[in-house]
Amino acid sequence: MHASADRASNQTQRKGGLTPRADDFPRWYQEVVAEATLAETGPVRGTMVIRPWGYGIWELLQRALDDRIKAAGAENAYFPLFIPESFLKLEAEHVEGFAPELAVVTHAGGKQLEEPVVVRPTSETVVNSFFAKWIQGYRDLPLLVNQWANVVRWELRPRILLRTTEFLWQEGHTAHATEDEARAYALRIFHDVYVDTMESVCAVPVVTGHKTARERFAGAIRTWSCEGMMGDGKALQMGTSHELGQNFARAFSIQFTNDTGTLDFVWQTSWGVSTRLLGALVMAHGDDFGLRLPPALAPAEVVVLAVRDEPDVRTAANALVAELAAAGRRVRLDDRFHLGFGRRSVEWERKGVPLRVEVGPRDLAEGQVTLAIRHLRTKAPVPLTGVATEAEQVLDTVARDLSAEAAAFRAARTADVATVEEAVEAGRTGFARLPVRALGPDGEDRLARESLSVRCLQRPDGTVAQTDTDEASLTAVIGRSY
RNA sequence: CGGGCUGUGGCGCAGUUUGGUUAGCGCGCUGCGUUCGGGACGCAGAGGUCCCCGGUUCAAAUCCGGGCAGCCCGACCA
């Protein structure tokens with residue numbers, strides 16, 4: 001009954017054919033993911049198909065991360081998808097953390113398996129069972145390995161791109177001779193790979209710090225996390241780097257002879273980021289008209305849109321594509337004349353292409369083209385001769401603008417508070433910064449009852465705290481999380 | 001796993017309350033033509049196990065029973 005009425009009233013409010021972000025954020029999110037052709041749900045609950053446009057973004061993100069991971073000295077390798085169930089049980093906290101969400105294979109090859117096999121939810125256990133073989137002496141250290149893989153976690157409540165049953169990620173695993181070295185490496189990855197990628201590639205400012213014991217990775221002694229604020233004020237954990245201490249080393253007997261000849265357990269780290277970041281891009285930068293991509297992650301930074309099917313227009317459009325490609329831009333030609341101009345504009349807008357170059361007869365008569373800037377939704381004429389230069393200048397501003405906008409939004413929704421009650425209030429719409437002292441021993445329980453959590457602990461000035469810092473001197477960043 | 005909602009051409013829905021011609025509408029798709037600078041228009045056309053199983057009935061998308069699936073909201077997680 002009301003369905004049609006609702007739909008009709010929606011139509012009047014919808015901009016760009018999407019539910020306005022402010023009206024219904026979750027719905028808007030799903031529509032953008034679908035309309036920007038990033039991903040859609042698969043046939044099995046919680047699974048997803050990442051479509052070419054979404055995968056193109058992922059590939060750019062992968063490259064950005066992979067370059068940084070390699071610069072930090074880690075090498076890529078690949079470990080098996082299937083893990084003996086017994087491996088998971090070797091580290092007590094680890095199994096406790098992951099048991100509820102394991103997919104277990106009990107039958108294969110037409111018969112029941114003697115030992116069930118789990119589909120990896122993460123690879124600490126297999127990786128470390130091999131580290132135990134590969135590490136003998138201190139000269140084998142540090143061992144720095146990364147893998148790009150899919151993992152499976154049977155989540156109770158899937159959300160496309162943010163929490164899917166199967167997702168793609170990168171997981172790094174390292175072993176070191178000393179605790180200090182392991183900690184330094186976990187932090188190096190955290191800052192040089194994760195925070196740098198989030199901020200300079202994704203253009204999403206992040207809050208950094210370490211997790212409370214309650215929020216820590218199962219099996220870690222310390223978890224560093226970067227948390228972004230999404231467009232609804234909620235927090236998204238975008239990447240974590242863990243210091244594992246000797247927990248897994250003891251569980252998997254990863255021992256080495258140190259430089260004084262005595263046997264010791266290695267000190268380890270693990271760290272990962274996932275396709276969840278695609279969801280973060282949508283929620284951090286998207287607007288009522290769709291996705292807005294920073295150029296570094298845009299499969300097409302520029303689309304040259306030929307307005308009409310005329311010889312001069314085609315010639316000019318092709319020349320522009322060639323010119324922009326020569327200038328090093330990822331560029332596409334849109335000469336789908338069977339679709340109207342508006343339809344094509346809307347499509348690129350939804351997909352978040354940062355810049356469109358519109359070329360039509362009217363432009364050419366004036367010796368110009370029109371630049372349409374996605375994130376501002378503005379248009380400006382530019383002389384035909386200066387397009388590549390102008391495009392370059394515009395693209396240079398995009399990530400900075402998106403970043404600044406996100407930072408301003410976060411600042412407006414972050415409050416320094418003095419009590420848990422004030423934190424509860426502020427946490428409804430954004431982040432609350434509360435001295436750990438004021439949080440107290442029962443603070444996290446109180447927050448949990450309000451669907452809030454401590455996203456991370458940091459120094460009052462926002463920087464990451466040294467491990468030996470007195471926690472009571474730190475600040476808790478509190479928010480609702482995805 | 002609790003609460004709510006929903007399963008009908010590719011997508012979004014109407015029809016179910018009160019069982020009854022050939023299951024409709026919008027979008028999309030195909031063809032032709034006219035259009036073309038912000039989601040074009042006309043004409044023609046294709047496309048359906050009405051989620052599944054069972055039951056009631058002369059007759060079921062519609063009623064009854066049982067399943068299954070999806071979405072949203074909460075607790076758990078990248």
Side-chain angles (χ1 to χ4, degrees), chain A residues 1-8 10-11 14-18 24-27 29-31 34-35 40-46 96-102 121-122 150-171 194 211 214-218 223 225-228 236-242 270-280 289-290 305-310 313 336-350 356 358-366 369-370 372 377 379 381 448-451 453 480-482:
Chain A
M1 39 151 200
H2 334 79
S4 58
D6 287 350
R7 204 164 57 251
N10 267 338
Q11 295 295 0
R14 286 153 77 96
K15 298 188 214 165
L18 301 170
D24 185 343
F25 194 86
R27 182 168 173 179
Y29 170 75
Q30 295 208 125
E31 287 178 2
E35 295 296 331
E40 48 191 87
T41 54
V44 171
R45 175 188 163 78
E96 193 184 324
F98 282 103
E101 52 192 46
L102 291 180
T122 178
N150 57 338
V151 288
V152 168
R153 298 179 186 179
W154 221 262
E155 300 286 358
L156 294 174
R157 188 179 162 196
R159 272 169 168 275
I160 193 156
L161 290 174
L162 298 177
R163 194 186 311 104
T164 47
T165 299
E166 177 191 4
F167 56 93
L168 305 183
W169 76 345
Q170 131 312 286
E171 51 177 323
Y194 293 163
K211 291 290 190 184
R214 181 191 192 108
E215 302 281 333
R216 202 185 280 152
F217 175 75
T223 291
S225 174
C226 24
E227 307 271 333
L236 183 74
Q237 181 173 305
M238 294 176 66
T240 46
S241 183
H242 314 292
S270 73
W271 24 279
V273 301
S274 74
T275 37
R276 165 178 277 190
L277 290 180
L278 299 180
F289 301 89
L305 199 157
V307 175
R308 295 186 58 155
D309 189 7
E310 294 177 9
V313 173
R336 296 172 299 169
F337 300 112
H338 63 282
L339 296 177
F341 171 81
R343 178 164 295 274
R344 291 188 283 154
S345 304
V346 166
E347 183 183 316
W348 295 119
E349 198 162 58
R350 282 182 175 172
R356 293 195 308 279
E358 300 173 357
V359 197
R362 268 180 358 219
D363 288 306
L364 294 180
E366 305 286 328
V369 297
T370 302
R377 294 192 84 249
K379 289 193 185 192
R449 286 196 293 278
E450 304 290 338
S451 301
S453 55
R480 297 183 64 190
S481 79
Y482 275 95

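Each chain gets a letter, A, B and so on, in the order the sequences are listed, and its residues count up from 1.
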Report task. Please state the C1' separation for the pair B:C25 and B:C36 - nearest whole angstrom. Result -> 28 Å

Could you tell me if the side chain of A:V151 sits less than 4.5 Å from the side chain of A:F167, heavy atoms only? yes

- Distance between the C1' atoms of B:U35 and B:C72, in whole angstroms? 42 Å

- Query: On a whole-Å scale, what distance lies between the C1' atoms belonging to B:G9 and B:U30?
  - Reply: 15 Å

B:C52 versus B:C58 - spacing of their P atoms, nearest Å: 24 Å

When rounded to whole Å, the CG to P distance for the pair A:L305 and B:G39 reads 13 Å

(request) Take the angle between the ring planes of A:F217 and A:H242 and call it parallel below 30°, perpendicular above 60°, tilted in between. (result) parallel

To the nearest angstrom, the CZ-P distance between A:F341 and B:G39 comes to 9 Å

5' to 3', nucleotides 69-78 of chain B under a 4.0 Å protein heavy-atom cut-off (B base, S sugar-phosphate only, - none) gives -SSSBBBBBB

| query | Which value, in whole Å, describes the distance between the P atoms of nucleotides B:G70 and B:G24? | reply | 31 Å

Rounded to whole Å, CG of A:L364 lies from P of B:G37 at a distance of 16 Å

**Message:** Would you measure the distance from the P atom in B:A61 across to the matching atom in B:C68 and give it in whole Å?
**Reply:** 24 Å

Any carboxylate oxygen within less than 4.0 angstrom of a Lys/Arg side-chain nitrogen, looking at A:E155 and A:R153? no

Can you tell me how far C1' in B:A23 sits from the matching atom in B:G65, rounded to whole Å?
25 Å

Interatomic distance, CZ@A:R308 vs CG@A:D363, rounded to 0.5 Å, equals 12.5 Å

The side chain to side chain donor-acceptor pair (under 3.5 Å) partners of A:S345 (sequence neighbours excluded) come to none

Atom CD of A:E35 and atom P of B:C11 are separated, to the nearest Å, by 13 Å

Listed range with range, the stems formed with RNA chain B by at least 3 consecutive Watson-Crick or G-U pairs (under 3.5 Å) are B:1-7 with B:68-74, B:10-13 with B:24-27, B:29-34 with B:40-45, B:51-55 with B:63-67

Item to complete: Indicate yes or no: does A:R343 engage A:E347 in a salt bridge with an N to O separation below 4.0 Å.
Response: no

Got a salt bridge between A:E227 and A:K211, using NZ or NE/NH1/NH2 to carboxylate O under 4.0 Å?
yes

Atom CG of A:D363 and atom P of B:G38 are separated, to the nearest Å, by 12 Å

Fill in: Cationic tip of A:R159 above A:Y482 ring, under 6.0 Å, 45° of axis
no

Rounded to whole Å, the CZ-P distance (A:R27 to B:U6) equals 15 Å

- Query: Per the atom types in the model, does the base of B:G38 pair as donor or acceptor with the side chain of A:K379 at under 3.5 Å?
  - Reply: yes

(message) Does A:E349 contact B:G38 through a side-chain donor or acceptor facing the base, at a distance under 3.5 Å?
(response) yes

Nearest heavy-atom contact between A:L339 and A:R344 is O-NE, 3.4 Å

Looking only at atom P, what distance separates B:C53 and B:C13, rounded to whole Å?
-> 24 Å

Under the criterion side chain to side chain contact (heavy atoms under 4.5 Å, CB included), I'd like the reasoning laid out for A:E358 against A:K379: C-alpha separation, chi angles, the key distance, then a yes or no. CA-CA 10 Å; A:E358 300 173 357; A:K379 289 193 185 192; 3.0 Å; yes

